[in-house]
Each structure stands twice: as C-alpha cells, then as structure tokens.
Peer 1: 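Supplied in structure tokens, the structure appears directly below.
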Number of protein chains: 2
Amino acid sequence: MWYDARMAGVQSVERAFGILRALSLGPAGVTDLSDRTGLPKSTVSRLLSALEEQKAVEQNSEGAYELGVGIAELGTALRGGQSVVEVARPHMVELMELTGEAVGLNRLDGDQVRTLLQVDDPSSSVVVRDWTGVPSPAHAVPAGLAILANSSRAAQRNFLQNEFDELTENTMTDPAMLLLRFEQIRTDGYAWVIEEFTEDISSVAAAFADANGRIQFAIHIHGPSFRFPGDVDREELGNRVAATAQRIEAQLNPD
Amino acid sequence: MWYDARMAGVQSVERAFGILRALSLGPAGVTDLSDRTGLPKSTVSRLLSALEEQKAVEQNSEGAYELGVGIAELGTALRGGQSVVEVARPHMVELMELTGEAVGLNRLDGDQVRTLLQVDDPSSSVVVRDWTGVPSPAHAVPAGLAILANSSRAAQRNFLQNEFDELTENTMTDPAMLLLRFEQIRTDGYAWVIEEFTEDISSVAAAFADANGRIQFAIHIHGPSFRFPGDVDREELGNRVAATAQRIEAQLNPD
DNA sequence: CAAGCTGTCCCACGATACGGAACGCTGGAT
DNA sequence: ATCCAGCGTTCCGTATCGTGGGACAGCTTG
C-alpha cells in the first residue's frame, strides 16, 4: 500500500484530521477508530498521543477519546476573527425580534451552504434547531439560491452541472428551472424556499457582498412551516430581509 | 537541529497545530507564519497545503491564510457531542431570563477554567463579551473557586501550590485565605466574585457533578459591575444558582 | 530595471513516521 | 481460579515520507 504522492498533503496531518473527523461522530476507543479510519491500531494510538498533546483530543473518564478543548479554542478564534459575523449580528437580532423566528448568517462553500451564526428567540419554546456549521445543499436552501443568483454566469453554469437531490417533493432539481429561478431572485432581491429542504421548515434569504465585494454571504429567516411564514406578506418580509442584507453590505463596505 | 524523540508527538502534527494556533491570532501569510513558528518557509507552505486540503485553513481573497470551516465543523461537533451542554442549556436560559445577565457553563481544566457555553440576553445592548473557549485563571473566577471548593483535599492542596496573579486589587492570592474561602463556599453552595478577575465584571457560580460523579463543571451568572449584582440579595441569587446547578446534576445522574 | 518582497515547487537526504507483533491489562465467561 | 477475548500501549527494524535549502516565478517598490 503506497501513499499517493499526487496529493499535496502531508500524510500524518491528513490522517490526524481523519481521526478528528471520525471522533466528531462521537467518542471512541483506539480499536474503533482504527476500524473507522482503516489505519493500523498502532498508528492511531500514536496519532492520538500527538493530538492529545496538542489538546485536540482528550480521554474521558472511561478512557475513550473525544475531541478536546484545543479544537474549541480554535473554533472560537475563528468565530471572533470574522468581522462579517460581528457586523451582521445586531442586524440579525433586529430581524429575529421582528419576526420571532430564528435568523441565520450563511456562507457558500462550494456546493454547500454553511451557517456561521444563528440567532434564536430565547422566549420561543419551539425553534428551528441550530444549524451552525452544518452544511446544506445550496439548491435547497434560500441562502444558497440567493448567493448563486447573484453570482457570475460561469459560477452558475458550473453549479448547475451537479446532480441535485430531491430532498422533499417540493425540491427543485431541474437545472433549467433553477436558472429561471435565479433571474427571479435577482430581480426580487430575495429568495423564498417553502419546504424544499425539509418538510418542516420554510425560509427567506437575501445575499450580500463582503468587504472584498464578493457575494458569498447571505442572511435568512427560517421557522417551522406550521406557523411560518403564515399569512404575513411574503413580499414585504422578503424586502425586509433584502434591506437588512443591504445594510450589512453597506456597513462592510465603507466607501 | 534534531527532533526531540522524547516527546510522544508526531512532528508534523505538532507543527501543524502550531500553525493553526498561530493562525488563531489572525490571518497571515506564509512568511509571517514562518517567523511566528520558527519553521522554514517551505515547511510552512507544505503544511498549509495539507491543512487546506483538510479545510482546516483556507485562503481569503487577499491570499492570506486563515482558519477554515473544517475547524468550525469539528468545533460544533464538539459542542453537540457533550451532553452536559445539552442538559444545561435550558436551565441556563431560564437563569438568564430571570436576571437579564449572561449565564455561562464552565469546566475546570488544570488550573484554568473554560467556558463551554454562554447564554446572552439578546435584548440587552450592553453585555459581557462571549468568553466561550477562553481560559481564565481558576482562582479569580467563581466557577473555578466553586469547583475547587468541592474537590478533594489533594486537588486543593495541589492547586494552592501555584503562584496566583493579582489581576485586580481585589484578587485573592494568599493560599491560606483561599483555603478558608473554599470552606465558606462549600457551606454556602455558591461562590461570589466581585471584581477579582476584571474591574468591570462580577459573578456568582455553583459547581455540580457530571454523569460520572466528578465535580468539574459549574454554571455562573456574570454581568457588568455597574449594574450587577446591584442591590439584589446576593444570598438569594447565590442560592438560585446553586439550586439550578443541583437540578442539572440531578438530571445528569438519573438514579 | 533592479531590488526586495511574496508564496510555491524541486529534490537529494536521512530523520522520522510507519505498522506488525508482542506486551500488559481488564473484565466477562467458564 | 483460570482462561480467553479484547482492549490500548510500546517496541523496533524498515524505508517511506517529511524535510528544508535553494531555485523559481510573480508582484510591488524605489
């Protein structure tokens, strides 16, 4: 078995992260991890020692390994370092208070959309779960559609090459239809998605440009379908989200 | 210069995390990172490529490297995986709504206390900053004192060997005094710290045992000194925090 | 246009990670 | 009490892999 040198990677780093990812599924022992990753036990053990020294993993009281505080530290450094999050937060809170539903900040990452921050209404007992960090397919969430609708033709064409999963019976999977939808979203300034991702959730999003002028972020409001959007005026709510997105963009780009 | 084989670590993993830590201070280029870590440029470049492949770092539009989404994913996996956090959250929200001040969940890690989760009042414009993941010296924060007060004599004695920094003029640094204070906290069930960590913050905490019966967690309320605790009855608030801690402990230990 | 940056790539070298096997340990079954 | 199965760690010879000095290309500066 030879290490494929075409990869730009450093083998041990690659493997170490493989172990970390395996651990993100839950605590595990050396043998278990060895199975999950396909690496020899001794290698796993050695890498775990190295990771433990870096506080990236730690052993719980049962002796099983789990992710450690080092990861948490890096994670929060990441959070604090991103000024987009800082700028967007108060605007998101405002939007959340207006609607009483959860507001999220997203970023397009390849064909996936990630939530960087979610603001929940703490007084609400039924809320959409926290999607922070969880990737979602861009074609089924409004944030993805909104960002792509405002991206270059080339980026859109590239995106539309994909096979799109039909997550619910409402999911739009036809490339031609999606292209038309992009037009609509571009003129509207916002994107509505009604139960295309899950049957239980509906949401609106609007995209905005970051400090470098690249459109790769969006904010969205999402709530349980049984009460959201309800009978509120979708156009008005859409415009409000779009307006908030514009304000964030303006604040990020001091001319 | 040879790699010291006494360390249990894997050199490249160790170095990779060194780079990640350096990056947690902010985005940087290869040369900059080479200076910060003392590693040759080419080594840094190669490790960065490896990390980029793992999405642990990414290049922003200016070409500088910064921490990537892979870290965020692991970070959230960490959060979700820890059942203590799940159990504690609703109780913390309750406490936050009662007082209007930020509530935190802590864990003792050596001589440091880490915040695992902080619940803020989104309607409050002036709040204590988010301390999630940031380590604080155990002798100056109530969570640390509360946990240690309920730890074994041996652990206390070991802890009291340390040199304690005098962070403000109120910081208690005398081991003998701290030992007495532990007694008091133990009988009270909670620990108050008035401007011993920073001049601007005061807080109460109470410790509780995890599912394995080990006392290493605590919850606390903290707020800006100018309004917190104000003229509320400190004993009553302390008891309330202690009661909440007890409820979390009970929920974690289903007999 | 040169000088001084940057980050990436190359490649011979050998230090270092590798992994099969042996080890010590724990806990359950017999 | 004894075995055995499974655990995680350690050993150690091998050779793969990471290493780092230097060359290189691109970009900004004076």
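Here is the naming used below: chain letters follow the sequence lines, and residue numbers restart at 1 for every chain.
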Peer 1: Using whole Å, what does the distance between atom C1' of nucleotide D/dT9 and atom CG of A/Leu33 come to?
Peer 2: 15 Å
Peer 1: Does C/dT8 have OP1 or OP2 under 4.0 Å away from a side-chain N or O of B/Ser45?
Peer 2: yes
Peer 1: Taking 4.0 angstrom as the limit, do A/Glu183 and A/Arg153 come out as a salt bridge?
Peer 2: yes
Peer 1: Please tell me if B/Arg46 has a side-chain N or O lying less than 4.0 Å from either OP1 or OP2 of C/dC11.
Peer 2: no
Peer 1: Side-chain donor or acceptor of A/Thr31 under 3.5 Å from a matching atom on the base of D/dG6?
Peer 2: no
Peer 1: Crowded around A/Arg186 CZ? As in, over 12 foreign heavy atoms under 6.0 Å?
Peer 2: yes
Peer 1: Are any of B/Ser42's side-chain N or O atoms less than 4.0 Å away from OP1 or OP2 of D/dG21?
Peer 2: no
Peer 1: Are B/Gln11 and D/dG18 close enough that a side-chain N or O sits under 4.0 Å from OP1 or OP2?
Peer 2: no
Peer 1: Under 4.0 Å between a Lys/Arg side-chain N and an Asp/Glu carboxylate O for A/Glu14 and A/Arg21?
Peer 2: no
Peer 1: If only side-chain N and O atoms of B/Tyr65 are considered, is one of them under 4.0 Å from the OP1 or OP2 phosphate oxygen of C/dT8?
Peer 2: yes
Peer 1: Would you please confirm or rule out a distance under 4.0 Å between OP1 or OP2 of D/dG18 and any side-chain N or O of A/Arg15?
Peer 2: no
Peer 1: If we only count heavy atoms from C-beta on, is the B/Leu51 to B/Tyr65 side-chain gap below 4.5 Å?
Peer 2: no
